[in-house]
Amino acid sequence: MNLRRIEAGSLPVESRALAKALIGCILVSEGAQGRASGRIVETEAYLPGDPACHAYTGRSARNATLFGPPHRAYVYQIYGRSLCFNLASEPEGTGAGVLVRALEPLEGIALMETRRGTTVVRDLCRGPGRLTQALGIDRAVDGADLSVGDGLWLAEGVSPPGRIRSSRRIGLTRAAERRLRYYEAGNRFVSGPRNLSPP
DNA sequence: AGGATGATCGTCT
DNA sequence: GACGATCATCCTC
């Protein structure tokens, strides 16, 4: 599969615009074990001043990447077992980001099955913790510039017009009512509700 | 297909 | 010491 890398600076910086623009893009991981990739079908935006955003209470060792340049990878561990993959958003100095919640597996299915310990393709990348495991993303990825390295990068994909919908974000207790989750309507690899009415 | 539950540990109070 | 931007498993329908 010939993938065209997304060049630095061609993605939006504003959080909601970035969350929408990422739908359809392809996330690629390459390493000694081979290549694994998937098409992004679900994201969530975490805005400046958003009580649900990790940057809300100020800068710390964990969330420092969110305050760095836009589009750097922000990786953190949640519930003791799962890693979540985000892209920092907004200009440097402002803490915000976009969580990638689900991928539609494209390449390296066998590798993903090994890493995930299941052959249920629908379960390989459906959920933020699952997709990081399937792509072999670890905490060392935190802070990485995806436009430079060859281990993890973004490629151009296809987002059919009119297919992107929004809903409440998933799993939150704070600011849960805000419609900052974006997903491709009807796609079976979306992790939450996947056919809600348009806004 | 969908709801409830417990595991598990880095980070911050 | 409490709390998660979750997951796998077990249950019922």
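Letters A, B, ... mirror the listed sequences (proteins, then strands); counts begin at 1.
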Quiz prompt | Between A:T65 and A:R72, a side-chain donor and acceptor under 3.5 Å | solution = no
Quiz item: Within this structure, what is the CG-to-P distance between A:L47 and C:dA5, rounded to whole angstrom?
Solution: 15 Å
Self-check item: First of A:T173 and A:P128 reached from the 5' end of DNA chain C, by closest nucleotide
Solution: A:T173
Exercise. May I ask you to check if A:R181 and A:Y183 form a cation-pi contact, with NZ or CZ under 6.0 angstrom from the six-membered ring centre and within 45° of the axis?
Key: yes
Quiz prompt | Salt bridge flag under 4.0 Å for residues A:R35 and A:E107 | solution = yes
Quiz item: Taking CD from A:E177 and P from C:dA5, how many angstroms apart are they, rounded to a whole number?
Solution: 15 Å
Quiz item: What stems, by residue range, does DNA chain B take part in, given at least 3 consecutive Watson-Crick or G-U pairs under 3.5 Å?
Solution: B:1-7 with C:6-12, B:9-12 with C:1-4
Practice problem: Sugar-phosphate means primed atoms, P, OP1 and OP2; the rest is base. With that split, encode nucleotides 8-13 of chain B 5' to 3' as B, S or - using protein heavy atoms under 4.0 Å. | Solution: BBSSS-
Self-check item: For A:E90, salt bridge (Lys or Arg N to Asp or Glu O under 4.0 Å) partners two or more places apart
Solution: none
Quiz item: Can the positive tip of A:R39 be found less than 6.0 Å from the middle of the six-membered ring of A:F189, inside 45° of the ring normal?
Solution: no
Under 3.5 Å between N/O atoms: give me all the protein pairs with nucleotides 9-13 of chain C, atom names plus distance.
none

Practice problem: Figure out the CZ/P separation between A:R169 and C:dA5, and round it to whole Å. | Solution: 10 Å
Practice problem: Quickly work out the A:R126 CZ to C:dT6 P distance and round it to whole Å. | Solution: 13 Å
Quiz item: How close or far is atom P of C:dA5 from atom CG of A:L66, stated in whole angstroms?
Solution: 12 Å
Quiz item: How about A:P48 and A:S15: do any of their side-chain heavy atoms sit closer than 4.5 Å?
Solution: yes
Exercise. Strictly below 4.0 Å, heavy-atom distances to any atom of DNA chain B: list the hits from residues 94-116 of chain A, or just say none.
Key: none
Self-check item: Check: A:H54 main-chain N/O paired with A:N63 side-chain donor or acceptor under 3.5 Å
Solution: yes
Quiz prompt | Length of the CZ-C1' vector between A:R122 and C:dC7, whole Å | solution = 15 Å
Quiz item: Does any non-hydrogen side-chain atom of A:L180 lie less than 4.5 Å from one of A:R16?
Solution: yes
Quiz item: Rounded to the Å, how far apart are A:D123 CG and B:dG2 P?
Solution: 14 Å
Practice problem: Would you check, one step at a time, whether the test side-chain contact (heavy atoms from CB on, under 4.5 Å) holds for A:V98 with A:F85? | Solution: CA-CA 9 Å; A:V98 173; A:F85 171 80; over 6 Å; no
Quiz item: Charged N to carboxylate O below 4.0 Å: is that the case for A:R115 and A:E113?
Solution: no
Quiz item: What residue pairs, at least two apart or across chains, pass side-chain hydrogen bond (donor to acceptor under 3.5 Å, both in side chains) with a residue in residues 3-13 of chain A?
Solution: A:R4-A:E156
Quiz item: Thinking salt bridges, do A:R139 and A:D142 make one under a 4.0 Å N-O criterion?
Solution: no
Quiz prompt | Main-chain N/O of A:R168 paired to A:R179 side chain as donor or acceptor, under 3.5 Å | solution = no
